[in-house]
Each structure stands twice: as structure tokens, then as C-alpha cells.
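Reviewing the structure listed below.
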Amino acid sequence: MGKIALLVSREEMIYQAHNILQEKNYEIGEMRVIKTEDTVSEARQSIANGASIIIARGLQASLIKQYTDIPVVEIVITAQEMALLVSKAKQILKKDNPVLGVVGFKNMFCDMSYFDIIYGIEMRTYFAEKGDLLEDMARQAVRDEVDLIIGGDTAVGIAGKAGMPSLFLSNTEDSMRNALSMAESVDYAMGVEKRNAAQIETLLDYSFNGVARLDASGNIVDINAIMEDILEKKKEEILLKTATEVFPELLGDPFCQVLQYGKESYSLFMEINRTSVFAIVAPVVIEKKVEGAILTCHRMKRRQNKGHDLKGKNHLRGAVALGEFSDLLQESGRMQDCLRIARLYALSEKTVFITGEAGTEKQLLAQCIHNAGLHKEGPFVNISCEGLGEEAQYDMIFGDKGAVVQAKGGSLLIEDVQALTKANQYRLYQLIRHKHRLGRDGQRYAGTDLRIMVTSPAPFSAMAQEGTFRRELYYLLSGLVVEIPSLRERKEDLEHKIRETLRDCCEHYSRYHVLTKGAFQALLDYPWNGNLIQVENFCERLILTAEKRSLDEAFVERLLSEMYPGEGEEKSFNDFVREQEAPYPIEAREIRDTLLKLGGSREKTAKELGISKATLWRKMKKYHLE
């Protein structure tokens with residue numbers, strides 16, 4: 001707590017303060033009687049002694065405020081004290097409706113608006129705006145020939161020289177008690193402000209991001225050490241410069257909207273001294289008025305290669321499997337069943353066929369099977385057949401320096417196996433069935449020891465029936481089959497993936513966004529034909545383009561339709577009935593009937609059903625009720 005000094009012009013005011021301190025122990029550092037002509041020097045002495053607040057009255061208080069920068073609490077005459085002075089004045093004058101002149105500073109007095117009516121007097125006030133005008137106000141009261149002057153030492157002295165009755169503006173313990181209480185409140189507020197300032201300073205000093213505080217005009221008023229490091233400049237070189245001068249990328253309308261209209265936030269990428277940073281500008285709004293902004297700069301993380309520190313792995317040409325079964329999403333029962341089968345297949349040396357939609361964990365699951373199998377100490381090589389001709393496929397897989405040779409002693413994953421040409425399908429059959437690698441000239445290279453795994457987006461039974469896929473290879477691959485269910489079939493995994501990806505994106509870009517309940521439900525209802533890949537890329541764009549902390553259903557659905565036009569549209573009612581083999585849903589009938597009843601008004605229908613308009617729109621779209 002700070003030190004409070006009481007500086008007054010009369011000894012009786014010191015006595016009053018002593019009496020009050022018997023009732024409550026205010027933190028008073030010193031109490032002194034001072035002369036008005038010595039006010040400023042006395043106040044400066046108290047400040048030198050450690051005073052942080054001064055209590056004073058009248059001209060002395062005015063002088064201290066004028067010539068020092070310390071908080072001053074003024075002793076204000078209460079209504080009860082003023083009433084006592086008016087009563088004494090009437091006793092002295094002994095006349096009806098006397099004219100009383102009150103001389104001083106306005107903030108010394110209580111509200112006296114109705115004193116004339118209440119006490120049967122005419123009260124005239126002579127308030128000085130500055131200390132050197134106080135004598136002029138007192139002389140004006142004399143010239144106006146008031147019956148009596150009420151004021152401090154200056155006013156009483158001038159009234160005495162003019163032979164005019166006067167009363168010294170004495171106070172009781174009430175006004176002193178109020179002043180002491182006010183000083184204590186001011187001291188508490190100053191302490192809170194100091195603590196807040198210290199906390200902000202600590203946040204700035206220990207933040208892992210560069211932080212700059214801007215005033216309402218966009219000038220930089222403070223930066224932390226991390227920002228100095230990013231800018232490669234000292235704070236003194238930056239302060240009071242405009243943010244757009246230091247960060248030219250901020251030039252433009254979005255930054256102006258933050259400062260002028262309090263737009264929730266503005267984010268962008270910047271290149272500062274060969275460092276890529278993700279910047280966010282957020283407004284500081286107090287009582288709906290923009291008082292400034294906070295600019296944070298987050299250094300982009302450099303991704304590290306997980307394989308560098310692995311032991312017991314083959315690092316030849318990057319042939320290493322990083323995946324473990326624990327890395328896979330497995331909150332849902334469907335995925336748990338899938339992984340249970342995959343773990344069993346890992347014990348075998350036979351070929352495993354992994355199938356699933358685009359964006360599912362086919363390659364990761366193959367790595368898991370490799371790391372749980374007998375060939376885990378050997379290399380893991382994966383290739384794709386898609387888009388290659390017969391010769392290119394041969395060289396990549398069966399050539400003298402092909403994947404079969406590189407994967408010896410380990411596992412070979414052939415992705416998009418359905419794209420193999422007929423000749424290379426035969427070579428793959430020979431490799432799996434007889435452990436032979438066939439050369440171009442038909443020469444057989446025996447003794448190839450490796451585990452084969454293949455992937456395809458869907459089973460190729462139809463291709464085998466049409467003759468585009470060799471039947472013997474089809475039957476050979478149809479043994480150990482693992483089908484990875486899509487994310488839309490694994491609601492628990494989908495929910496976990498969305499939450500995890502959004503959290504990682506917010507952490508990576510040092511942002512904070514939350515989805516409303518409707519927005520999150522919209523994501524759960526979306527088909528996600530691209531599965532994990534689609535979820536990750538959508539969440540990345542969602543966080544980067546978000547302009548508000550809270551992201552609602554309308555924003556999410558607008559972004560989905562923009563990124564994947566037509567992909568999220570629901571099937572018609574006939575398709576729905578045919579696929580679900582169920583009657584028209586009760587919810588759909590209720591929405592349809594309510595719309596008909598209310599003349600098609602979406603706003604009234606949403607209110608009637610107790611849902612938002614955005615939710616109603618989504619359900620209408622779902623049940624093909626547009």
C-alpha cells in the first residue's frame with residue numbers, strides 16, 4: 001500500500017484526523033499543518049519522503065495539483081457542515097433572507113442547489129478556476145456587497161480588510177472521514193493498476209510470441225523482447241512509429257477495420273527478416289470504443305523429420321515405416337474391428353490387401369502391419385502404379401534396381417494395384433505365389449524374401465469378371481483383406497479427428513476459435529468423401545480464414561459449399577427411402593407440415609420448431625425440402 005500524506009492549513013483538522021484514526025486505522029504516513037505560501041515546497045517534501053497520495057483542501061489542494069503530478073484527494077465540505085455554517089451566519093446577521101457569498105473552488109463544496117429555499121437565504125457562489133483567481137473572487141463578493149462571506153483563509157482575510165462579516169470554512173470530522181476513505185480507495189485502485197501493469201509486463205516478457213501494443217491511431221506504444229528479436233531492432237527504435245511503417249503488410253482495409261470499427265481480428269502471413277510469421281491483429285475495445293489493438297507475431301514452426309531418431313530401422317533411400325497401431329484413430333467400434341483383423345494379419349507372411357476410400361489410412365495401416373510383423377527390421381518401400389505405363393511399372397517394381405530388390409528382407413507396399421498392366425499383374429502373381437522375380441526376358445530370379453502388401457480404393461471383383469484383372473491374382477489377393485471404413489461410418493473417429501485437427505491448427509497459428517453446436521453438427525453430418533485428407537485441409541482453411549472467435553453453422557456450410565461445390569448435397573427423398581429402406585423420417589414430415597402451415601416462412605418455422613434458421617436450412621437441404 002502507498003503512503004498517504006495529510007497537508008492542511010489548520011491544527012484542528014489534524015485533531016479531527018487523529019480522532020478518526022482511533023476508529024479505523026487508515027494508512028496515513030504523515031500529517032502536517034502547512035502555510036499556503038509554502039504549499040508546493042511542502043508537497044514536494046512529502047513526495048520525496050515517499051508519499052503517493054496527498055489529502056488537502058481549497059487553494060492548497062489546487063496548488064499541489066497544479067505544480068506536482070501526484071494524486072490529490074480534496075476535503076469536500078458536506079451538506080451537513082455547510083448547513084451549520086449557514087445557521088451560524090443567520091445568527092450573526094439576525095436578518096431575514098440574508099445574502100451569503102461562498103468563496104472557494106467548486107470541488108470544495110457539496111451540492112447547494114436548494115439551500116436558498118430550505119434555509120431562507122440568498123446564496124451567491126464565487127468559484128475560482130485557478131489558485132491565483134481566488135483573491136479576485138473574494139474581492140468580487142465584497143464589491144457585490146453580500147451580507148457575509150464564507151471561505152478559507154484568503155477569503156476571510158479580504159473580508160476582514162473590507163470590514164465585512166465572514167466565517168471560516170471549517171469542517172467537521174465527516175468531511176475528513178470521507179477524504180480519508182477516498183484516499184484509501186484511490187490507493188487501492190493505484191495498487192490494482194500497478195499489479196495489472198506488472199502482470200501485463202510479465203505476459204509480454206515471457207510470451208513465446210512477439211507482441212506489440214498499438215494505440216487508437218495505430219502507433220506502436222510497446223513491444224516485448226520476442227518482437228525485438230523478430231524485428232532485429234530495439235524497442236526505442238520502434239516506439240511511436242506507425243504499425244504500417246514497421247509492418248508494411250498491414251497496409252490495407254482489413255487493418256483499418258480493426259482500428260476504426262473494432263473488427264474482431266485480422267490475420268495474415270508476413271516475412272520479417274527472412275523469418276515467416278503468422279500475425280494476428282485484435283482490437284482493444286472498452287465500452288464499445290476502440291482504444292487500440294494488440295499485434296502478435298508467431299514464428300512458423302519448422303517440421304522435423306520423425307524418422308531421424310528411429311533406431312533399428314532401415315534408412316536406405318528413406319525406406320522406413322513410422323506408423324504404429326496406436327497412431328490410428330480407433331474410437332469407433334468399426335475401426336477397432338478393422339485393427340483387430342490387421343493385427344492378426346501382421347502375424348502372417350502372406351500378402352495383405354488393404355482397401356478403402358481416398359484419404360483413409362491405407363498407407364499408415366500398411367506401416368503398422370510392417371512394424372508389427374516378422375519383417376519389421378527390414379526396409380519398408382512403398383510405390384504407386386497409378387498413371388504409369390508397362391515399362392515404367394516394370395522398372396519401378398521388378399527391375400534390377402526396382403522396389404522388389406530394395407525391399408528385400410522387408411515389406412513392399414504397392415498402392416493402386418488395380419492400375420497394373422496385365423503383364424505386370426502376372427509378374428506380381430509369380431512374385432507372391434512362387435517367390436520369383438521375372439525379368440523382361442522371362443528369366444526367373446529366385447529367393448526373393450519380402451512381405452507384399454497392396455492397396456486399392458475398392459475391391460476389384462468386377463475387374464476380374466470383366467477380364468481386366470487376372471483372376472489368379474484376384475484370388476491370391478482376396479485372402480487377407482482389410483477394409484478401412486470411411487470416416488462417415490466412424491462418427492466417434494470423425495468427431496475426434498475434427499476436434500484434434502482444429503486444436504492443432506489453432507495451436508500452430510496461435511489462434512483461438514470455437515465452433516457453435518450447430519457448426520460442429522454440420523461437420524459431423526457432412527459426408528467427407530476425402531476422409532482424413534479432406535478434414536485436415538478443410539480445418540486448415542477454416543482456421544486461416546476465420547474472422548471471428550465463434551464460428552457458426554452458416555460460416556461452416558458456406559465454406560464447405562465453396563471448397564467442395566455439390567459434394568455435400570443430400571440425396572432426394574426417393575434415394576433416401578431406397579437406401580435406408582425406411583419410411584419418410586418423422587423430423588422431415590414435421591418440418592414439411594410446419595412450413596406448409598406457416599406459408600413457407602423459414603423464420604416462423606424455425607421459431608415454431610425451436611431451432612435456428614441455419615439449422616432449419618440444413619435440415620431442409622438434408623430432406624430435399626427446398
Side-chain angles (χ1 to χ4, degrees), residues 6-17 20 35-36 39 55-66 72-183:
L6 174 64
L7 305 181
V8 291
S9 61
R10 300 245 172 162
E11 193 71 35
E12 59 264 27
M13 299 173 76
I14 300 293
Y15 297 148
Q16 291 172 353
I20 295 168
K35 294 179 180 180
T36 300
T39 298
I55 301 174
R57 196 184 79 163
L59 179 57
Q60 293 179 341
S62 177
L63 291 170
I64 295 171
K65 288 196 292 184
Q66 185 175 354
V72 177
V73 174
E74 299 193 51
I75 300 172
V76 179
I77 300 297
T78 66
Q80 184 176 354
E81 291 169 337
M82 202 65 201
L84 290 174
L85 290 169
V86 170
S87 178
K88 286 182 182 179
K90 291 182 70 174
Q91 290 176 7
I92 292 171
L93 297 173
K94 293 183 172 56
K95 61 182 294 188
D96 296 332
N97 296 314
V99 179
L100 306 181
V102 178
V103 180
F105 300 96
K106 187 174 182 179
N107 53 2
M108 291 173 57
F109 300 93
C110 62
D111 184 6
M112 300 179 290
S113 302
Y114 298 100
F115 272 38
D116 290 6
I117 299 173
I118 296 172
Y119 299 109
I121 60 171
E122 180 183 343
M123 180 174 284
R124 299 178 185 176
T125 56
Y126 299 86
F127 294 150
E129 294 183 0
K130 295 181 180 179
D132 54 4
L133 298 178
L134 190 60
E135 291 185 6
D136 294 339
M137 292 295 102
R139 291 191 180 95
Q140 184 61 49
V142 172
R143 288 194 294 271
D144 291 344
E145 297 182 350
V146 299
D147 294 323
L148 183 142
I149 289 179
I150 300 175
D153 289 326
T154 300
V156 169
I158 290 175
K161 291 178 182 178
M164 182 177 289
S166 64
L167 277 176
F168 178 74
L169 193 62
S170 59
N171 57 279
T172 66
E173 292 181 3
D174 285 346
S175 56
M176 182 62 70
R177 185 177 290 105
N178 290 344
L180 290 170
S181 179
M182 178 62 72

Intermediate values then yes/no, side-chain contact (heavy atoms from CB on, under 4.5 Å), L84 and T172:
CA-CA 10 Å; L84 290 174; T172 66; 4.3 Å; yes
Flag yes if more than 12 heavy atoms outside [X] fall under 6.0 Å of its [atom1] atom; otherwise flag no.
X    : atom1 : answer
E129 : CD    : no
Q66  : CD    : yes
F168 : CZ    : yes
E11  : CD    : yes
M182 : CE    : no

Kindly say whether L100 contributes a backbone atom to a donor-acceptor pair with the side chain of D147 at under 3.5 angstrom?
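Checking the backbone N and O of L100 against the side chain of D147, no donor-acceptor pair under 3.5 Å is found.
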Keeping the roles fixed (side chain from N171, backbone from I77), state whether a donor-acceptor pair exists under 3.5 Å.
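No: the side chain of N171 does not pair with the backbone of I77.
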Any side-chain heavy-atom pair of [X] and [Y] under 4.5 Å:
X    : Y    : result
N97  : E122 : no
I150 : M82  : yes
L167 : L148 : yes
F109 : L169 : yes
I75  : V8   : yes
V76  : S175 : no
R10  : D153 : yes
N107 : K65  : yes

Pairing residues for F115 by the ring pair (Phe, Tyr, Trp, His ring centres under 6.0 Å) criterion, not counting sequence neighbours
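Partners of F115 under the ring pair (Phe, Tyr, Trp, His ring centres under 6.0 Å) test: Y119.
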Residues D144 and Q140: side-chain donor-acceptor under 3.5 angstrom
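Side chains of D144 and Q140: pair found under 3.5 Å.
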Might you point out which heavy atoms bring [X] and [Y] nearest each other, and give the distance in Å?
X    : Y    : answer
M164 : E145 : CE-CA, 4.3 Å
F127 : M137 : O-SD, 3.6 Å
L93  : P165 : CD2-CG, 4.5 Å
A159 : S166 : CB-CB, 3.8 Å
G58  : M108 : CA-SD, 3.1 Å
E81  : T78  : OE1-N, 3.0 Å

Spacing of [X] atom [atom1] and [Y] atom [atom2] [to the nearest 0.5 Å]:
X    : Y    : atom1 : atom2 : value
E173 : I20  : CD    : CD1   : 5.0 Å
I121 : K90  : CD1   : NZ    : 7.5 Å
Y126 : L133 : OH    : CG    : 15.5 Å
I64  : T39  : CD1   : OG1   : 6.0 Å
N178 : C110 : CG    : SG    : 11.0 Å
Q60  : I55  : CD    : CD1   : 13.0 Å

From CA spacing to verdict: side-chain contact (heavy atoms from CB on, under 4.5 Å), V142, I149:
CA-CA 8 Å; V142 172; I149 289 179; 3.9 Å; yes
For R57, which of M13, M176, E74 qualifies under side chain to side chain contact (heavy atoms under 4.5 Å, CB included)?
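Looking at M13, M176, E74, the match for R57 under the side chain to side chain contact (heavy atoms under 4.5 Å, CB included) is M13.
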